[in-house]
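Data first, discussion second: the structure below is written as structure tokens.
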Amino acid sequence: MTLWQGDYELKQVTHFHCQRPGLPIISITGDHDKFSGGSHGLTDTIKTLHKIGYSNVKNKVMPHMKHEVLQEVDHQKVYEQIDAFLYEHI
């Protein structure tokens with residue numbers, strides 16, 4: 001229920017007041033994630049973040065992973081993506 005509520009709230013773009021449009025944002029999802037809506041859902045989320053005002057949004061899709069990417073067998077690859085992202089933006 002929380003996932004659907006969060007998705008609904010994200011679509012309420014008028015509720016957001018983007019104060020840092022260049023804030024780096026990364027979304028990491030698994031290619032077997034049933035909650036993300038697949039490539040269409042991920043594209044829609046990125047478009048929504050752009051509508052809110054964020055311009056620096058990156059999306060990484062991890063092969064052979066589901067929704068809980070930090071709990072997957074290859075979770076170290078996710079940590080490497082996060083580490084690279086932070087290194088690039090700090």
Side-chain angles (χ1 to χ4, degrees):
M1 188 64 131
T2 302
L3 292 171
W4 286 284
Q5 181 68 26
D7 186 53
Y8 171 79
E9 292 295 330
L10 180 62
K11 301 295 187 235
Q12 309 307 308
V13 295
T14 59
H15 294 175
F16 292 92
H17 303 287
C18 180
Q19 295 180 8
R20 293 186 57 200
L23 177 73
I25 298 172
I26 188 168
S27 169
I28 304 175
T29 54
D31 67 346
H32 290 91
D33 183 350
K34 295 179 181 180
F35 297 104
S36 69
S39 62
H40 174 73
L42 295 173
T43 299
D44 184 55
T45 297
I46 292 169
K47 285 181 181 179
T48 301
L49 288 168
H50 286 167
K51 285 180 190 176
I52 292 169
Y54 295 103
S55 59
N56 193 3
V57 182
K58 293 186 178 179
N59 179 42
K60 298 283 184 180
V61 178
M62 305 301 290
H64 314 293
M65 293 189 183
K66 296 179 182 177
H67 183 73
E68 299 276 344
V69 293
L70 294 177
Q71 303 298 320
E72 293 285 346
V73 173
D74 289 335
H75 64 273
Q76 187 60 35
K77 292 178 182 178
V78 178
Y79 283 109
E80 290 168 4
Q81 292 291 327
I82 294 168
D83 186 51
F85 178 80
L86 292 173
Y87 184 77
E88 179 182 345
H89 296 287
I90 291 181

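Not measured: the values here are computed from a predicted model.
Under the 4.5 Å side-chain heavy-atom criterion for ILVMFWY residues, a single connected hydrophobic cluster contains both Met65 and Leu70. No single ILVMFWY cluster, assembled from side-chain heavy atoms under 4.5 Å apart, contains both Ile26 and Tyr87.
With a 4.5 Å cut-off on side-chain heavy atoms, Asn59 and Thr43 do not count as touching. At a threshold of 4.5 Å between non-hydrogen side-chain atoms, the residues Gln5 and Glu9 count as touching.
Closest approach of Ile52 to Cys18, counting heavy atoms only: O-CB, 3.3 Å. Listed here is the closest heavy atom pair of Gly30 and Val69: N-CG1, 3.5 Å. Nearest heavy-atom pair across Leu10 and Phe16 is O-CE1, 3.8 Å. The minimum heavy-atom distance between Gly22 and Ser55, with the atom names listed, is CA-OG, 4.1 Å.
Here CD of Gln71 is found 13.0 Å from NZ of Lys66. Values are rounded to the nearest 0.5 Å. Atoms CG and CG, from Leu23 and Leu49 in turn, are 10.0 Å apart once rounded to the nearest 0.5 Å. Remark: Lys58 NZ to Ile46 CD1 distance equals 12.0 Å, nearest 0.5 Å. Atom CG of Leu86 sits about 11.5 Å away from atom CD of Gln81, to the nearest 0.5 Å. The NZ atom of Lys77 sits 14.5 Å away from atom CD1 of Ile82, with the distance rounded to the nearest 0.5 Å. Taking CD1 from Ile28 and NZ from Lys60, the interatomic distance works out to 8.5 Å, rounded to the nearest 0.5 Å.
Shown here is Gln19, whose CD atom has no more than 12 heavy atoms of other residues, nucleotides or ligands within 6.0 Å. Within a 6.0 Å radius of NZ in Lys11, more than 12 heavy atoms belonging to other residues, nucleotides or ligands are found. Other residues, nucleotides and ligands contribute only 12 or fewer heavy atoms inside 6.0 Å of the NE2 atom of His64.
Between Phe85 and His89, the ring planes lie tilted relative to each other; the angle falls in the 30° to 60° range. Classification of the His67-Phe35 ring pair by plane angle, with boundaries at 30° and 60°, yields perpendicular.
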